[in-house]
**Q** 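Shown below is the structure under consideration.
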2 protein chains.
Amino acid sequence: MTDLRARNRQATREAITAAALRLAVEQGPSGLALVRVNDIASAAGVSPRTYNNYFSSREEAICGGQADQSRRAGDALRARPAGEPLDVAITEAMVGLFTDPEPDRAGLRMIMLTPELEGEALRAFTVGESSLAEAIAERTGESGLRPEVTAAAVVAAIRVAGRHWLTPAANRPFADDIRRALSCVFSPDQTSR
Amino acid sequence: MTDLRARNRQATREAITAAALRLAVEQGPSGLALVRVNDIASAAGVSPRTYNNYFSSREEAICGGQADQSRRAGDALRARPAGEPLDVAITEAMVGLFTDPEPDRAGLRMIMLTPELEGEALRAFTVGESSLAEAIAERTGESGLRPEVTAAAVVAAIRVAGRHWLTPAANRPFADDIRRALSCVFSPDQTSR
DNA sequence: CGCAAATAGTGCGTGACACGCAAACATGTG
DNA sequence: CACATGTTTGCGTGTCACGCACTATTTGCG
């Protein structure tokens with residue numbers, strides 16, 4: 001097992017992000033400003049100063065969980081069997097990563113649909129790009145632009161899928177939206193060329 | 001012509017973004033914190049309070065120009081001849097939009113490679129997605145996920161292209177990188193499936 | 001085991017900042 | 001020329017991020 005210190009650190013980090021996201025959801029997108037640093041810190045059981053050792057803005061704390069998840073994208077792809085074609089490997093890896101467990105609608109809605117969080121939310125998804133790009137490069141043996149572009153396109157597609165999944169009235173599983181979005185990436189429209 | 005008011009407003013906005021970016025470039029990525037709101041405002045010839053009417057953070061001001069450019073993505077695509085295949089229409093529209101004029105390397109480097117600006121930089125590029133998606137939907141007659149995913153993938157590819165163009169030693173025109181990146185989007189790797 | 005070094009948590013102080021408010025000011029209209 | 005609408009500005013306030021110094025906890029080594 002890893003360091004006790006490392007585990008504690010991870011635990012506090014998660015406590016803070018969880019508290020931050022929970023409080024933000026409680027206040028709703030309009031009342032984001034009412035979520036004070038003090039509240040987050042005390043809800044997480046740490047001092048405000050410690051909160052600030054982990055995150056340098058409320059936004060970052062709120063989106064921290066999403067960022068952690070995205071960062072695992074590379075490992076998720078590496079966990080797929082080697083023989084699998086690239087497109088299905090990526091698709092299944094992303095479906096597994098982002099729907100296990102099925103995300104909390106309220107939380108994702110807060111992160112993705114609150115204007116003040118837009119920048120941090122994009123960052124949270126985008127931090128996964130580099131790790132995913134590396135994993136793609138390893139798998140395909142390619143280097144240079146293509147793995148990076150593929151990774152960026154995949155992440156972008158998942159973002160769009162998330163937006164659609166949050167659309168009211170739609171009650172599909174998130175996996176469906178991810179699959180549909182990624183299929184747009186892997187087989188672009190040929191008819192309208 | 002449009003309102004005098006509207007033009008003045010636009011002029012002030014541009015003065016502020018220009019001043020903000022210039023000062024940021026002067027200090028370099030490490031000294032971003034030294035670029036004070038007061039400096040930006042006085043360099044732009046407005047009061048600090050007015051600066052704050054236009055932008056609610058230094059980061060937003062610095063990246064404002066990039067955001068304005070991205071917002072024109074939809075119009076750029078609409079300006080392409082109707083008969084053109086979608087992929088070349090998008091490619092040429094984006095090349096035109098982002099290389100006329102050829103961007104300032106120092107400015108783009110500041111925006112794209114400064115960690116504290118990452119969130120805003122992503123936002124700046126991403127604001128173009130919706131307008132581009134609409135234009136794609138108009139052109140193809142499709143609706144739903146595909147236009148949005150395509151737009152998001154295109155924007156993501158351009159971001160990657162920008163990163164590569166900023167790579168030291170490479171002295172290609174930006175247009176080359178954009179074309180290469182977009183071709184990865186429009187014809188994904190079929191060999192490694 | 002016990003001690004020294006490394007690392008994490010905390011309190012305090014400070015400078016900067018975003019924004020509400022209300023008053024001056026500019027611009028377009030009948 | 002007056003009136004309505006939109007813009008700039010100064011001031012005051014609450015919040016925040018972070019440097020610094022100190023304490024507590026964990027770790028590795030003799």
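Since we're looking at a predicted model, the values are computed, not measured. Numbered from 1 within each chain, the chains take letters A, B, ... in sequence-line order.
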**Q** When the distance from OH of A/Y54 to C1' of C/dT10 is rounded to whole Å, what number comes out?
**A**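 Roughly 13 Å, once rounded to whole Å.
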**Q** Decide, yes or no, whether a salt bridge links A/E92 with A/R80 under the criterion of side-chain N to carboxylate O below 4.0 Å.
**A**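 A/R80 and A/E92: not salt-bridged.
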**Q** Treating Ile, Leu, Val, Met, Phe, Trp and Tyr as nodes and any side-chain heavy-atom pair under 4.5 angstrom as an edge, say whether B/F174 and B/V95 lie in one connected cluster.
**A**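 Yes, B/F174 and B/V95 fall within the same hydrophobic cluster.
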**Q** Going by distance alone, is a donor N or O of one side chain under 3.5 Å from an acceptor N or O of the other, for A/E118 and A/T114?
**A**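 A/T114 and A/E118 do not have a side-chain donor-acceptor pair below 3.5 Å.
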**Q** Who pairs with A/R49 by side-chain contact (heavy atoms from CB on, under 4.5 Å), at least two apart in sequence or on another chain?
**A**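 Checked A/R49 against side-chain contact (heavy atoms from CB on, under 4.5 Å); matches are A/S47, A/N52, A/N53.
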**Q** When you check the gap from the basic side-chain N to the acidic O, do A/R159 and B/E129 get nearer than 4.0 Å?
**A**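 Yes.
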**Q** Among residues 25-49 of chain A, which residues get a heavy atom nearer than 4.0 Å to DNA chain C?
**A**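 Correct list: A/V46, A/S47, A/R49.
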**Q** Taking the six-membered ring of A/W165, is NZ or CZ of A/R105 closer than 6.0 Å to its centre and within 45° of its axis?
**A**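 Yes, A/R105 and A/W165 form such a contact.
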**Q** Are any of the side-chain nitrogens in B/R58 or B/E116 under 4.0 Å away from the carboxylate oxygens of its partner?
**A**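 A salt bridge is absent here (no side-chain N lies under 4.0 Å from a carboxylate O).
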**Q** Okay, side chain of B/E148, backbone of B/S130: is any donor-acceptor separation there less than 3.5 Å?
**A**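 No.
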**Q** Identify every side-chain donor-acceptor pair in residues 19-30 of chain A under 3.5 Å, counting partners at least two apart or on other chains, and give the distances.
**A**
{"from": "A/R22", "atom 1": "NH1", "to": "A/E26", "atom 2": "OE2", "distance (Å)": "2.8"}

**Q** Closer than 3.5 angstrom, by distance alone: can the side chain of B/S70 be matched with the main-chain N or O of B/A124 as a donor-acceptor pair?
**A**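 A pair under 3.5 Å: yes.
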**Q** Give me the residues of residues 8-21 of chain A where at least one heavy atom lies under 4.0 Å from an atom of DNA chain D, by number, or none.
**A**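 Residues of residues 8-21 of chain A that come under 4.0 Å of DNA chain D do not exist, since none gets that close.
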**Q** Figure out the CG/C1' separation between B/N53 and C/dC21, and round it to whole Å.
**A**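 To the nearest whole Å, that distance equals 12 Å.
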**Q** Can you pull every protein N or O that's under 3.5 Å from an N or O on nucleotides 28-30 of chain C?
**A**
{"from": "C/dG28", "atom 1": "OP1", "to": "B/L4", "atom 2": "N", "distance (Å)": "3.1"}

**Q** Donor-acceptor pair, A/S187 side chain versus A/S183 backbone, under 3.5 Å?
**A**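 Side chain of A/S187 to backbone of A/S183: a pair is present.
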**Q** Strictly below 4.0 Å, N to O, side chains only: are A/D75 and A/R72 in salt-bridge contact?
**A**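 No, this pair does not count.
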**Q** Does anyone know the first and last nucleotide of DNA chain D in reach of chain B, 5' to 3', at under 4.0 angstrom to a heavy atom?
**A**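 Span of nucleotides near chain B: D/dT5 to D/dC11.
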**Q** Pick the nucleotide of DNA chain C nearest each of B/F55 and A/T50; which residue has the one closer to the 5' end?
**A**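 That would be A/T50.
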**Q** Output yes when A/D68 and A/R13 qualify as a salt bridge under the 4.0 Å nitrogen-oxygen rule, no when they do not.
**A**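 Between A/R13 and A/D68 there is a salt bridge, with a charged N closer than 4.0 Å to a carboxylate O.
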